[in-house]
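Some notes on the structure that comes next.
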Amino acid sequence: MPNTLRRWLPWLTLVNGSTVKADFIAGLTCASMSIPQGIAFAAIAGLPAEYGFYSAIVAPIIAVLFGSSWHMVCGPATAISALLFSSLSGLYVPGSAEFIQAALAITFLAGLIQLALGLAKLGNLTNFVSHAVMVGFITGAAFLIMLSQVQHALTADLPRPENLSSFLNALLHIGPETNMYSVSICLVTILAAIIIRKISTKLPHYLLALIAGSVFGYFLNAGANNVPLVGELNEAIPPFALIDLSSNTLRELLPGAVVLALIGLLEAASIAKAIALKTHQEIDTNREFIGQGMSNTVGSLFSNYMSSGSFTRSGINVEAGAQTPLAIIFSSVFLLLILSLIAPLFSHLPIPAMAGIIMLVGWRLIEFKELLHYAKTSRAELSIAMVTLLSTIGISLEFGILVGVGLSLTLFLNQTAKPNVRILAPMDTHEGRYFHNIMHFDLDTCPQIHFIRLDGPLYFGSVDYMSKQFQLIEHDYPHKDHWVILCRGLSAIDMQGAHFLKQLVDRRREENTQIHLVVRYLWQLDLLERFGVLDKVGADHTYPAKGVAVEKIERDMNLKQCAACEKNVFRECQQRKRKGETLIAKTPIK
C-alpha cells in the first residue's frame, strides 16, 4: 500500500474477513435507521423527503474518508435541520424550488467555511462553545421541533412556533379544525415506537413505528379522510445540482452559513470525541473539520443539504459492532439499494405518522438530566443553558447560540478578571512542611515577611481587582519589612499587569517595604524582564524558589525583633532567635 494512502486511511490495514462481516451487519442496521430519520430530518428542514436520503447516502462516505473518526456517521441531523429551516424560512417558501436551491447554496458556503477552518488548523475553536450552551441550544431546538409538528399531527393550519405567542394563541382556538384521524395515527405511531423500544433497543423502532402508523392509516382509509400522505419520491439516486452563488445569494445566505458551519463543526467534534471514548480512537479535530467541510461542499453538488455528525446513528454503528469505516460505506450502499426497491411504498406514509416520530425524536433530545445536574451543581452553567434555551425558543436558533456563546465568554472573562491573591505561611502536615493559606488554616505570619501568591492571569482585565486585593492586605496586615510575591500561579502577564507590579514596588518602597519575586518558569522570567519588572525589583531580590528567598531575606531581618518573637513561623526562627538574644546580651546598657 502506498505510504500516502496508508497515512491518510490507516484503517485499510485492519480490513479482513472478520471485520468485513462485522461492518456488513453494522451497515445494514444503520441503513434501516437512516430511512425514518432521513424523512423526519428533511421535514424539519422544510425539504422534500428525498433530500434527507440524498444527505444520508453521500455525506457519510465523504466525511469518513476525509475525517479522523472511523465510527461517526454523518448526514442529516436534528439541530442542523432546524437551524437550516430557521435560516431560510424568512427568505423563501419552505419546500419551493427557490428554498431547495438556497438550502444547497447555504450548504456549499458552510462547507467552504468548515474546510477553511480545518485547513487553517483552527480545530480548537470548538472549545469556545461550552457544553452548557449546547445543552440549552439542543433543548430549545428540540422544543421548536416538537411544536413545529403539532400542525401536522392535527392536520390544521398553525403559525410557525418561532412566533410563540401567535402559535399558542392559534393552538388554543383551533378546536373544530382538528382532524381526529390524523391525531389517532400520530398517537398510534408514537405508542408503537415506545413499545417496540421497550421490547428491544436493537430493533429499528422508528422504522417499525412508521410501518405501524401507515398500516393503521390504511385501515382508517386515511387519504379519503383528508389525512395528508408523503407521496411518491422523485428518485433515490442523488442528482447533480448547480449551486447559485450570485451576489444577492451570498449577501442573503452568508450570515446563516457561518452559524451553520460553526454549529455543524461543534456537533460533529463533540460526537466524534464522545464515540472515541468507547472506541479508544484518537480524534484529530482539525482533520474532522476538513472531513465536515468536504462532505458539505462536495455533498451539496449531489443535492445534499447541510449535514453533521449523528449521535443516534453513530451510537447504533458502534453498538452493532462496526470495526472500520467500511460499515459507513456499506450503510450508504444499502440505503441506496433499499430506497430503489421500496420507494413507491413511501407514497402511502401518512404525514401525521412522520410527525409523531419527529416529536418523539425531539422529546428525547431534551436534556432534562443535564439541566437538573446544572441546577444542583452550578448556577453559572444553569444560567447559560437557560438563557440559550429561552433565546432559541423566543427569538431564533441563530440568536440563541450567539447569546449563549456571548454569555459563556462574558462569565469566563469575569472569572479571569478575579485572580486569587493569598497570603501563605508554612504549616506542618503528615506529608511535610508546606506553605498554606493563612485565612483557611488560621496560621500565624512572620512579623517581618509576607508571602503572597498570585494565581490567575495578570492582565488589563484583572489589574483593578488585583489592586483592591493588595489594598486589603495593606489595610488588614500592617507594615512588613519584606513582601515576597510568588509568581508560580500566574498564567499570563501583559504590559498593564507588569505596570501594576512596578507601581506596587514603588508604593511599598515609600512604606519602607522591599518587594521580592519568586519566579520559577522561564516564560514568566522572560516577560517580567522584557516589561522592565526585574529591573525595578532588582536581580538580587528575584529568586527561583521560596526556600532561596527565605535564606537570602533572613540576612536582612531585624535580629532583635526575631529575639522577641514567639511565633516561630520558619524553621530558621529558633536559630535566629538565639542570634538575636546573643546580640541583645552583647549590647552595652547606656
Side-chain angles (χ1 to χ4, degrees), residues 26 28-45 49 52-53 56 73 75-79 81-82 138-139 141-155 161 178-220 222 227-230 233 310-320 331 334-335 338-339 342 345-369:
L28 186 59
T29 305
C30 202
S32 67
M33 186 66 186
S34 298
I35 295 173
Q37 286 197 338
I39 297 172
F41 296 154
I44 292 171
F53 296 140
V73 182
T78 314
S81 299
I138 291 172
T139 302
F143 276 116
L144 289 178
I145 288 165
M146 293 171 65
L147 294 176
S148 70
Q149 297 306 307
V150 172
Q151 64 173 337
H152 299 303
L154 305 178
T155 309
T178 303
N179 186 322
M180 296 311 296
Y181 290 95
S182 296
V183 173
S184 60
I185 291 171
C186 178
L187 291 176
V188 165
T189 305
I190 292 174
L191 288 173
I194 293 172
I195 293 170
I196 293 168
R197 183 180 173 86
K198 283 188 175 295
I199 293 172
S200 175
T201 55
K202 294 183 178 181
L203 292 172
H205 57 287
Y206 287 141
L207 180 61
L208 295 176
L210 278 177
I211 294 172
S214 300
V215 172
F216 184 72
Y218 175 79
F219 284 112
L220 289 181
V227 176
L229 306 177
V230 170
L233 300 179
S310 167
F311 194 84
T312 303
R313 294 195 298 279
S314 299
I316 290 173
N317 189 44
V318 173
E319 291 174 10
S331 174
F334 290 144
L335 180 58
I338 292 170
L339 291 173
I342 67 171
L345 297 179
F346 286 105
S347 60
H348 303 289
L349 177 62
I351 286 181
M354 194 167 65
I357 292 298
I358 297 173
M359 292 171 78
L360 193 58
V361 169
W363 176 258
R364 288 174 178 167
L365 278 174
I366 298 175
E367 301 278 8
F368 290 113
K369 290 183 179 179

Does a side-chain heavy-atom distance below 4.5 Å link S331 with V73?
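Answer no - side chains too far apart.
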
Could you tell me if the side chain of P352 sits less than 4.5 Å from the side chain of Y181, heavy atoms only?
no

Kindly give the heavy-atom pair with the smallest separation between [X] and [Y], and that separation in Å.
{"X": "I44", "Y": "A82", "answer": "CG2-N, 3.5 Å"}
{"X": "A153", "Y": "A355", "answer": "N-CB, 4.0 Å"}
{"X": "M146", "Y": "M359", "answer": "CG-O, 3.6 Å"}
{"X": "P350", "Y": "G213", "answer": "CG-O, 4.0 Å"}
{"X": "F41", "Y": "P76", "answer": "CD1-O, 3.3 Å"}

When rounded to the nearest 0.5 angstrom, what distance separates [atom1] in [X] from [atom2] in [Y]?
{"X": "M180", "Y": "L187", "atom1": "CE", "atom2": "CG", "answer": "8.0 Å"}
{"X": "H152", "Y": "S182", "atom1": "NE2", "atom2": "OG", "answer": "11.0 Å"}
{"X": "N179", "Y": "I185", "atom1": "CG", "atom2": "CD1", "answer": "8.0 Å"}

With sequence neighbours excluded, residues passing ring pair (Phe, Tyr, Trp, His ring centres under 6.0 Å) with F368
W363

Using the side-chain contact (heavy atoms from CB on, under 4.5 Å) criterion, which residues pair with A43? Sequence neighbours excluded.
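Partners of A43 by the side-chain contact (heavy atoms from CB on, under 4.5 Å) criterion, ordered by chain and then number, come out as M354, I358.
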
Checking I190, V188, T189, V183 against C186 for side-chain contact (heavy atoms from CB on, under 4.5 Å), the one that qualifies is I190

